[in-house]
Amino acid sequence: MGDLATQVAEARAAFERRFGREPQIIARAPGRVNLIGEHTDYNDGFVLPVAIDCQVLVAAAPRPDRTVHLYALDFEAQSSFSLEDIQPDEEQGWSNYQRGVGWALQEEGLDLMGLEAVITSDVPIGSGLSSSAAIEVSIATAWKLLSGFELDPVRLALLCQKAENEFVGANCGIMDQFISVLGQRDHALLVDCRSLDYQLVPVPRGAAIVVADTMKRRGLVDSEYNARRRECEEGVQLLREHISGVRALRDVTPQQFAQHAERLPPVIRRRCRHVIEENARVEGAVVALDVGDLASFGELMIASHRSLRDDYEVSCRELDVMMEAALKVEGVYGSRMTGAGFGGCTVSLVREKAVLDFRERVAAEYEAIVGVQPQIYVCRASDGAGAVRG
Ligand code: GLA
């Protein structure tokens with residue numbers, strides 16, 4: 001997507017201007033796109049995201065005291081706090097992600113040093129590509145690099161999630177932080193969101209991962225997200241009366257669900273059906289990728305979108321238009337909304353040779369119907385968080 005070398009040079013120059021010295025480290029954490037497995041992570045289920053080549057960078061250097069000075073280059077705003085008493089900043093709301101991570105790392109008993117940092121991002125905000133997870137993981141990585149503490153990568157992802165859940169107050173699952181930490185170049189990650197075991201799955205050769213941003217920024221997402229979580233929990237309560245050993249929707253097979261679905265109220269039934277079938281689709285998708293069957297993979301993406309639209313009801317007109325426009329292009333294996341929904345992006349798997357056609361035709365059709373020019377990116381599956389040189 002963007003050019004990393006330019007972004008690094010800008011972060012470095014901004015740090016020098018702002019703090020009058022060179023940064024000691026530059027930490028990077030990527031955004032993500034989820035290929036399949038949506039709204040399954042908080043149901044102990046399976047997801048298949050990739051880390052992408054857009055990122056948050058943190059140029060940082062330690063301070064001798066325990067204060068933290070943050071400068072957000074993209075909105076030219078600054079926020080400072082002491083590690084002795086980390087409180088939310090109501091005016092500079094953006095800094096609550098970094099504050100929350102500082103709080104969560106200290107809660108873990110880690111010894112943090114004060115720092116000065118410049119933060120810059122080319123992950124579009126509010127577009128479903130996990131800009132917030134990338135922000136959390138980038139500052140956690142910066143602290144890890146500067147303070148030199150040991151921290152298992154999965155634990156680091158969990159602490160970033162804790163920052164978002166308990167400090168920022170957004171009730172997200174683990175997928176976004178997990179892939180931002182553990183992503184691998186040219187691979188998707190199959191994550192079991194219960195055990196947090198994961199497996200690398202090579203992304204298919206000859207096909208591109210194309211992200212199309214509807215430019216609709218997610219509005220309802222927080223309240224609707226929490227409502228879906230509650231509905232899933234209600235489904236678990238009802239299903240466990242009939243099926244033994246059900247702790248989460250992950251424990252219900254499609255066959256068991258078919259036997260007991262009638263007992264659930266209609267809305268709960270649809271929510272559960274999405275999650276249970278989506279978990280099965282992730283398994284199918286991994287098998288399809290394994291044998292290079294992109295056509296089947298694409299069919300599963302399409303089924304996932306329809307289920308998110310009709311059963312889970314987290315799509316919106318813009319996402320549906322974008323997805324349908326993609327399916328009209330020859331060489332598109334599949335397409336679906338990605339992320340929490342209610343706006344943001346679709347992801348499509350497109351034969352390399354058809355990418356140009358996709359860009360032109362999907363953009364034209366979307367603009368003709370919605371009246372807004374979309375952004376279309378070809379993504380590269382990239383590495384998870386770490387230090388960058390520059
Ligand atoms: C958001 C959340 C994730 C996940 C997705 C939906 O991105 O942060 O944890 O629940 O929505 O799959």
Side-chain angles (χ1 to χ4, degrees), residues 29-52 54 56 97 100-101 123-137 154 157-183 188-194 196 198 211 213 217-233 248-250 271-272 274-279 281-282 285 300-301 304-305 307-309 311-316 319 336-347:
R32 64 102 185 89
V33 64
N34 188 19
L35 298 181
I36 196 162
E38 217 65 83
H39 288 278
T40 46
D41 62 349
Y42 53 82
N43 289 298
D44 277 2
F46 299 93
V47 294
L48 189 67
V50 297
I52 57 181
C54 62
V56 177
Y97 294 94
V101 169
V123 187
I125 294 174
S127 63
L129 300 179
S130 281
S131 54
S132 29
I135 289 168
E136 292 148 11
V137 172
V154 172
L158 284 165
L159 291 173
C160 288
Q161 182 199 17
K162 176 174 172 171
E164 184 147 350
N165 291 167
E166 295 177 31
F167 196 92
V168 177
N171 207 10
C172 62
I174 187 60
M175 168 169 71
D176 305 346
Q177 291 79 6
F178 199 96
I179 185 67
S180 187
V181 176
L182 286 136
L189 225 56
L190 169 65
V191 187
D192 176 335
C193 297
R194 170 173 282 166
L196 299 183
Y198 60 95
V211 167
D213 190 344
R217 293 301 171 244
R218 303 169 307 174
L220 285 172
V221 72
D222 279 355
S223 58
E224 292 291 335
Y225 189 88
N226 290 337
R228 295 301 177 282
R229 290 193 70 143
R230 277 196 305 277
E231 287 160 352
C232 290
E233 279 159 25
L249 289 179
R250 135 76 173 278
R271 306 298 190 246
C272 293
H274 165 72
V275 174
I276 292 163
E277 291 181 353
E278 184 79 351
N279 276 327
R281 279 189 285 271
V282 177
L300 290 164
M301 291 175 84
S304 167
H305 183 87
S307 170
L308 287 158
R309 183 190 64 195
D311 275 351
Y312 219 61
E313 295 180 281
V314 292
S315 187
C316 62
L319 286 166
R336 57 182 289 277
M337 56 155 274
T338 185
F342 301 104
C345 296
T346 61
V347 57

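In each ligand, atom 1 is the first atom listed, and ligand 1 is the first ligand listed.
- His274 has its side chain within reach of Arg281: a pair of non-hydrogen atoms, C-beta onward, lies under 4.5 Å apart.
- Using modelled atom types, one side-chain atom of Asn165 and one backbone atom of Cys172 make a donor-acceptor pair closer than 3.5 Å.
- Between the Gln161 side chain and the Gly173 main chain, a donor and an acceptor come within less than 3.5 Å of each other.
- Contacts of Glu313 classified as side chain to side chain contact (heavy atoms under 4.5 Å, CB included), with partners at least two apart in sequence or in another chain: Arg228, Arg270, Arg271.
- Judged purely by atom type and a 3.5 angstrom limit, Asp41 uses its side chain to pair as donor or acceptor with the backbone of Met175.
- Looking at atom 5 (C) of ligand 1, its nearest protein heavy atom turns out to be Met175 CE, 3.8 Å.
- The shortest distance between side-chain heavy atoms of Cys232 and Tyr312 falls below 4.5 Å.
- If you number the atoms of ligand 1 from 1 as listed, the ones under 4.0 Å from a heavy atom of Ala340 come out as 1 (C), 11 (O).
- In terms of the side chain to side chain contact (heavy atoms under 4.5 Å, CB included) criterion, residue partners of Ser127 (sequence neighbours excluded) are, by chain and number, Pro124, Leu129, Asp213, Arg217, Cys345.
- The Glu38 neighbourhood of ligand 1 comprises atoms 6 (C), 12 (O), with distances under 4.0 Å to a heavy atom of that residue.
- Proximity of Arg32 to ligand 1, defined as any heavy-atom pair under 4.0 Å, is confined to the side chain (atoms from C-beta onward).
- Those atoms of ligand 1 with a heavy atom of Gly173 less than 4.0 angstrom away are 9 (O).
- Of all protein heavy atoms, the one closest to atom 8 (O) of ligand 1 is Asp176 OD2, 2.7 Å.
- For ligand 1, one of its N or O atoms has an N or O atom of His39 under 3.5 Å away.
- Looking only at heavy atoms of the protein, atom 3 (C) of ligand 1 is closest to Asp41 OD2, 3.3 Å.
- Among Phe178, Tyr42, Tyr225, Tyr312, the residue whose heavy atom lies nearest to atom 2 (C) of ligand 1 is Tyr225.
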